[in-house]
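In what follows, chains are A, B, ... by sequence order, proteins preceding strands, each numbered from 1. The shown structure was predicted, so the numbers you read here are calculated from the model rather than taken from an experiment.
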2 protein chains.
Amino acid sequence: MSDIKRRANPLFLREEELRLAMELLFFAYRDFTGEADGILESYNFGRAHHRVIYFVGREPGMSVKDLLHILSITKQSLSRVLSQLVDEGFIEQRTGVNDRRQRLLYLTSKGQKLEQQLSKSQSRRIAEAYRLAGADAVDGFRKVLMGITDEKERFAQLNDDLQD
Amino acid sequence: MSDIKRRANPLFLREEELRLAMELLFFAYRDFTGEADGILESYNFGRAHHRVIYFVGREPGMSVKDLLHILSITKQSLSRVLSQLVDEGFIEQRTGVNDRRQRLLYLTSKGQKLEQQLSKSQSRRIAEAYRLAGADAVDGFRKVLMGITDEKERFAQLNDDLQD
DNA sequence: CATATATGTCAACATTGCTGACGTAGTTTA
DNA sequence: TAAACTACGTCAGCAATGTTGACATATATG
């Protein structure tokens with residue numbers, strides 16, 4: 001593949017640029033989750049368990065319904081992993097005060113420990129990438145990823161705060 | 001969650017910054033693959049088929065071994081989807097010339113059409129995000145994603161070319 | 001009281017990973 | 001040339017995680 005072809009054909013360059021982006025997303029996401037997957041294995045958990053632990057850790061006391069909405073999976077799918085996490089003492093369910101139909105979700109201290117262990121492995125990777133890339137790059141990273149995401153509102157507020 | 005807490009505690013801000021990155025990766029990746037998943041469904045294919053079609057389209061004539069290495073899956077896992085793609089006429093296998101043990105992989109014209117249809121849906125999303133974010137942001141996006149990836153060499157050359 | 005909502009459960013199925021075992025054709029090497 | 005290695009394929013079974021559809025229970029709400 002010659003330089004001539006690249007320089008002569010701007011459309012080729014553009015296609016390659018988009019291919020690079022797609023591959024970066026694929027490989028980066030795979031490596032990003034890879035380390036945590038290893039930790040989870042030792043607990044006989046999978047990535048689905050991780051997501052539940054992550055989001056409950058981020059917003060303790062959230063309802064099952066809210067969690068379903070964030071994860072965009074069916075209650076039957078969630079039920080399988082959630083029951084395991086509750087049975088094995090990583091997550092605690094408390095009946096809602098306002099609405100007693102709700103089973104609000106909290107991490108137990110055991111759950112918190114696992115959450116931190118998992119987050120640490122991923123945070124380290126992100127932090128290192130951020131450090132190497134520099135502040136401007138971090139800003140661009142966020143801008144582009146937000147552009148790729150459907151529900152951008154989800155991040156708008158926090159992103160604005162971080163811009164300061 | 002008050003501004004006071006944020007301003008008073010830089011560690012809190014940092015944690016939130018890393019959380020934002022993790023969630024952006026999660027949601028962006030999901031939405032990035034979502035559209036293509038829909039198209040694949042109409043062919044009774046899954047994301048694994050997409051990956052095969054994508055990488056064979058990018059490097060026609062690659063060997064099964066090379067593909068296995070890129071995908072990091074077992075030959076048994078690949079076999080399932082690859083056989084389907086060959087049986088249904090999306091991919092063609094030709095015996096290698098130098099090494100007749102190899103079954104080199106090519107997209108048929110049917111396969112190319114599907115590849116383009118799938119890529120188009122994802123390219124459009126990336127291109128739009130790039131356009132909104134601007135050139136500097138794109139550069140930062142690539143820098144950070146490369147930092148997150150393990151085998152950075154994979155992208156080094158192309159990335160350098162695009163920097164010009 | 002009737003209806004809607006939040007949650008849970010049972011059953012069946014699809015996709016896509018994995019391991020282990022075995023086979024065949026073709027290449028390399030001692 | 002015979003032995004060993006390599007590329008590829010296949011069969012069988014298992015696990016994780018997503019799906020649909022049906023049904024049940026407790027609670028809220030108009």
Original post:
Over how many whole Å does the gap from D99(A) atom CG to dT5(C) atom C1' extend?
Top reply: 8 Å
Subject >> Under-4.0 Å side-chain N/O to phosphate OP1/OP2 contact, R103(B) with dT6(D) >> reply: no
Original post:
Nearest nucleotide by nearest heavy atom, which residue falls closer to the 5' end of DNA chain D, L82(B) or G96(A)?
Top reply: L82(B)
**OP:** Classify the angle between the aromatic ring planes of Y43(B) and F45(B) as parallel (below 30°), tilted (30 to 60°) or perpendicular (above 60°).
**Re:** parallel
**OP:** Report which part of the nucleic acid R47(A) touches: base, sugar-phosphate, or nothing (heavy-atom distance under 4.0 Å, all strands).
**Re:** sugar-phosphate
Original post:
Under 3.5 Å, is there an N or O donor on one side and an acceptor on the other linking the side chain of R101(A) and the base of dT5(C)?
Top reply: yes
**OP:** Between dG26(C), dG13(D), dT7(C), spot the one nearest the side chain of R80(B), thanks.
**Re:** dG13(D)
Subject >> Y29(A) ring center near F32(B) ring center (under 6.0 Å) >> reply: no
**OP:** Please work out whether the ring planes of Y130(A) and F141(A) are parallel, tilted or perpendicular, with thresholds of 30° and 60°.
**Re:** perpendicular
Original post:
Nearest to the side chain of V64(A), which nucleotide is it out of dG8(C), dC8(D), dG18(D)?
Top reply: dG8(C)
Original post:
What is the distance, rounded to the nearest whole Å, between atom NZ of K65(B) and atom C1' of dC5(D)?
Top reply: 11 Å
**OP:** For L85(B) and dT15(C), give me the distance from atom CG to atom P, rounded to whole Å.
**Re:** 13 Å
Original post:
Does Q76(B) make a side-chain donor-acceptor contact with the base of dG9(D), cut-off 3.5 Å?
Top reply: no
Original post:
Side-chain N or O of S77(A) less than 4.0 angstrom from OP1 or OP2 on dT17(D)?
Top reply: no
Original post:
Between the side chain of T108(A) and the main-chain N/O of F90(A), is any donor-acceptor distance below 3.5 Å?
Top reply: yes
Subject >> Side-chain-base donor-acceptor pair under 3.5 Å for Q93(A) and dG8(C) >> reply: no
Original post:
Whole-Å distance between dG18(D) P and D37(B) CG?
Top reply: 13 Å
**OP:** Report the distance from atom CG of D150(A) to atom NZ of K152(A), rounding to the nearest 0.5 Å.
**Re:** 6.5 Å
Subject >> d(CG, L68(A); P, dT19(D)) in whole Å >> reply: 10 Å
Subject >> Gap between atoms CD and P, on Q102(B) and dC5(D) respectively (whole Å) >> reply: 20 Å
Subject >> Distance test, side-chain N/O of S79(B) to OP1/OP2 of dT10(D), below 4.0 Å >> reply: yes
**OP:** Report which part of the nucleic acid N98(A) touches: base, sugar-phosphate, or nothing (heavy-atom distance under 4.0 Å, all strands).
**Re:** sugar-phosphate
Original post:
How many Å lie between NZ on K75(A) and P on dC23(D), as a whole number?
Top reply: 13 Å
**OP:** Kindly check if the number of other-residue, nucleotide or ligand heavy atoms within 6.0 Å of CZ (R100(B)) is above 12?
**Re:** no
**OP:** Between R100(A) and H49(A), name the one whose nearest nucleotide on DNA chain D is closer to the 5' end.
**Re:** H49(A)
**OP:** Please report, rounded to the nearest Å, how far the P atom of dG9(D) is from the CG atom of L104(B).
**Re:** 11 Å
Original post:
Which sits closer to the 5' end of DNA chain C, V97(B) or G46(B), going by the nucleotide each is nearest to?
Top reply: G46(B)
Original post:
What nucleic acid atoms does E41(A) come within less than 4.0 Å of, heavy atoms only: base, sugar-phosphate, or nothing?
Top reply: nothing
